[in-house]
Amino acid sequence: MFELKDAYSVQLNQEGQLKHFITVEGLSKPLLTEILDTADSFVGMGAQQVKKVPLLRGKTVANLFFEASTRTLSTFELAAKRLSADVLNLNISTSSTSKGETLKDTLQTLEAMQTDMFVVRHSDSGAAHFIAEQVTPNVAVINAGDGRHAHPTQAMLDMLTIRRHKGQFEPLVVAIVGDILHSRVARSQIHALLTLGAAEVRVIAPTTLLPKHIEMLGVRVFTDMNQGLKDVDVVIMLRLQKERMQSALLPSESEFYRLYGLTNEKLTNAKSDAVVMHPGPINRGVEIESAVADGPRSLILDQVTNGIAVRMAVMSMAMSGQTAEKNNVVEA
């Protein structure tokens, strides 16, 4: 476990530009809005004949995934390539770190190879912050998920999806449902939604899957699904993270589905135009009914499309912030 300090304090250069993207916590509403606006400009690129822009031409991006994730890795790789970067995918489980070389040695070796950006996914909270602050501060670091702490690009692609379908955040009531306890996604979503001005954020889960004092983040807590979904505008389901559960927190998956799985029947409690989201991968019949996941109110595939755009946005912004900081140092 890495020490968690004020992770947001290392993210900005002297001009207030993003130079790393480690967490949404502590970032301003204008900066989060800038990320969304930048991502918006990239959304339609997938439909173009030429799917590339030269914003990271000549730059090298290393995807360092200490924790497996096909979806997140593939979207980061595609985002980097659409920005015209050279991409290196490093399989950490078979790399030098498993041969006795320390994480610091491995990363500094990559930095010496003139790598410009690290996209880091790690099972320990604070890993991306540690790398940005202590190991390679001159390389842009993007957090692709660290422990239970944060998953900022997932939160921002969710914000982009909500904004593109609902417009302003101010009138919205958003419910986040499921395994709140183990979810770095939920934590980042809560910070992003409240910073962007959502009227109300609710969390819905059994008591065993709720972090202690979660209400201190500014959310309303519900243990009854039907009550929690009443009159909400957006429903975000979460994956049951069984690999992080160290004890029997649920009687059974079927019991969880009965009480907290999203079905069309439970969805009638929400507003008639409420939309449904899920960060994936989906456990059908556990967290969500197939009829809902594939239904007209589901934005799950839109989230995937928007994920590429958001990752392009934060990568280009962080690289720009790093370049500006280096130029200021040279001029000084």
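Just so it is clear, the model here is predicted, and its values are computed rather than measured.
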Taking the side chain as C-beta and beyond, is there a heavy-atom pair between [X] and [Y] under 4.5 Å?
{"X": "Arg82", "Y": "Val53", "result": "no"}
{"X": "Arg202", "Y": "Ile176", "result": "no"}
{"X": "Lys19", "Y": "Gln11", "result": "no"}
{"X": "Val119", "Y": "Leu64", "result": "no"}

_By salt bridge (charged side-chain N to carboxylate O under 4.0 Å, His left out) - contacts of Arg57 (at least two apart)_ = none
*salt bridge (charged side-chain N to carboxylate O under 4.0 Å, His left out) partners for Lys29, two or more places apart*: Glu170
*His151 vs Asp146, side-chain hydrogen bond (donor to acceptor under 3.5 Å, both in side chains): CA-CA, chis, key distance, verdict*: CA-CA 7 Å; His151 198 345; Asp146 64 326; over 6 Å; no
*Are Ile236 and Tyr257 grouped together when hydrophobic residues (ILVMFWY) are joined by side-chain heavy atoms under 4.5 angstrom apart?*
no
Please report the shortest heavy-atom distance between [X] and [Y], naming the atom on each side.
{"X": "Glu289", "Y": "Thr263", "value": "OE1-CA, 3.4 Å"}
{"X": "Ser188", "Y": "Val24", "value": "O-CG2, 3.4 Å"}
{"X": "Lys52", "Y": "Met45", "value": "N-SD, 4.1 Å"}

*asked:* Once side-chain contact (heavy atoms from CB on, under 4.5 Å) is applied, do any residues pair with Ala39, and if so which ones, sequence neighbours excluded?
replied: Leu160, Ala309, Val310, Ala313
*Under the side-chain hydrogen bond (donor to acceptor under 3.5 Å, both in side chains) rule, what do Glu77 and Asn89 come out as? Steps first, then yes or no, please.*
CA-CA 8 Å; Glu77 181 177 4; Asn89 292 328; 3.1 Å; yes
Can you give each donor-acceptor pair under 3.5 Å made by side-chain atoms of residues 218-233, sequence neighbours left out, with the distance rounded to 0.1 Å?
residue : atom : partner : partner atom : Å
Arg220  : NH1  : Glu200  : OE2          : 3.3
Asp224  : OD1  : Asn226  : N            : 3.1
Asp224  : OD1  : Gln227  : N            : 2.8
Asn226  : OD1  : Asn269  : ND2          : 2.9
Asp233  : OD1  : Lys271  : NZ           : 3.1
Asp233  : OD2  : Val173  : N            : 2.8

*asked:* Among residues at least two apart in sequence or on other chains, which ones pass side-chain hydrogen bond (donor to acceptor under 3.5 Å, both in side chains) with Ser290?
replied: Arg284
*If the plane angle is over 60° it's perpendicular, under 30° parallel, otherwise tilted; pick one for Phe66 and His122.*
tilted
_Keeping Ser320 on the side-chain end and Ser316 on the backbone end, is there a donor-acceptor pair under 3.5 Å?_
no
_Test of understanding: with ring-ring contact (aromatic ring centres under 6.0 Å, His included), list the residues that count as partners of Tyr260, not counting sequence neighbours._
Phe256
_Is it true that Gln303 and Asp158 share a donor-acceptor pair across their side chains at a distance under 3.5 Å?_
yes
*How far apart are the C-alpha atoms of Asp273 and Arg297, what are their side-chain angles, what is the distance that settles it, and do they pass the salt bridge (charged side-chain N to carboxylate O under 4.0 Å, His left out) test?*
CA-CA 8 Å; Asp273 62 345; Arg297 299 163 82 173; over 6 Å; no
*Show your working on salt bridge (charged side-chain N to carboxylate O under 4.0 Å, His left out) between Arg163 and Asp37 and close with a plain yes or no.*
CA-CA 10 Å; Arg163 193 176 78 164; Asp37 291 344; 2.9 Å; yes
